[in-house]
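Everything on this sheet refers to the single structure shown next.
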Amino acid sequence: MDFVLLFSVILAAVVGANILARHVSFIPVPFFLIAIGLVLSLLPVYRNFQLDPSTFTLGIIAPLLFNEAQNSSRGWIGRSITNILSMAVGLVLVTVLVVGTGLHALYVLLPLSLCYALLAIVSPTDASAVNSIFEANPIAEEQAETLKNESLFNDVAGIVIFDMALGAYISG
């Protein structure tokens, strides 16, 4: 099958998940996306589907971060910058270092830099997921704004740490 058609099916699945989430409002959108992604992964046409990482970054990650950044308030970020940076950068860095070192201790065959890269991928929260969870389960406005802004910086910290760890792995 053609790459454009496969990518169009994925895009249609995302739109379908968003439509489904509007009708079933007590379940956040990311859960629908995960379920539809699992169903698509079981289809034989997606068995050998590969997406170039730079295409994924440019076509999916960048627009998501841009959209969330457009909805962020500079005033909220300025008022709570210490909380945001301590949670976003500090927590991601500590998680990657502690759990990555522990993973390397458990699986000695995995290089330490590869363990750090793996943890840098899974440690950040997704800004869109945080927003959709707050739509279904409202919390105080100040807490919600702080966590929304934190998740943006969290993603950036994860991407930077991932690039550094991958660069360390490649260079040896």
Is there a path from [X] to [Y] through hydrophobic residues (I, L, V, M, F, W, Y) whose side chains come within less than 4.5 Å of each other?
| X | Y | answer |
| --- | --- | --- |
| Leu20 | Leu40 | no |
| Val89 | Ile81 | yes |
| Leu33 | Val24 | no |
| Leu166 | Val99 | yes |
| Ile27 | Leu38 | no |

Report task. Apply the test side chain to side chain contact (heavy atoms under 4.5 Å, CB included) to residues Tyr169 and Leu112: give CA-CA distance (whole Å), side-chain angles for both, the deciding distance (0.1 Å), then the verdict. Result -> CA-CA 8 Å; Tyr169 176 71; Leu112 188 59; over 6 Å; no

**Report entry** side-chain contact (heavy atoms from CB on, under 4.5 Å) against Leu11, all qualifying residues, sequence neighbours excluded
**Finding:** none

Query - Contacts of type side-chain contact (heavy atoms from CB on, under 4.5 Å), residue Ser8, not counting sequence neighbours - result: Val4

Output the distance between atom [atom1] ([X]) and atom [atom2] ([Y]), rounded to the nearest 0.5 Å.
| X | Y | atom1 | atom2 | answer |
| --- | --- | --- | --- | --- |
| Asn18 | Ile36 | CG | CD1 | 9.0 Å |
| Asn154 | Thr95 | CG | OG1 | 8.5 Å |
| Leu85 | Leu91 | CG | CG | 12.5 Å |
| Phe32 | His23 | CZ | NE2 | 10.5 Å |
| Ile170 | Asp163 | CD1 | CG | 9.5 Å |

Query - Candidates Val98, Val94, Val92, Leu93 - the one meeting side-chain contact (heavy atoms from CB on, under 4.5 Å) with Val96 - result: Val92

Query raised in the report: Any sub-3.5 Å donor-acceptor pair from His104's side-chain atoms to Cys115's backbone N or O?
Result: no

Report task. Would you name the heavy atoms of Leu119 and Gly100 that are closest together and state the gap between them? Result -> CG-N, 4.0 Å

**Report entry** Heavy-atom pair of closest approach, residues Ala117 and Phe162
**Finding:** O-CD1, 3.4 Å

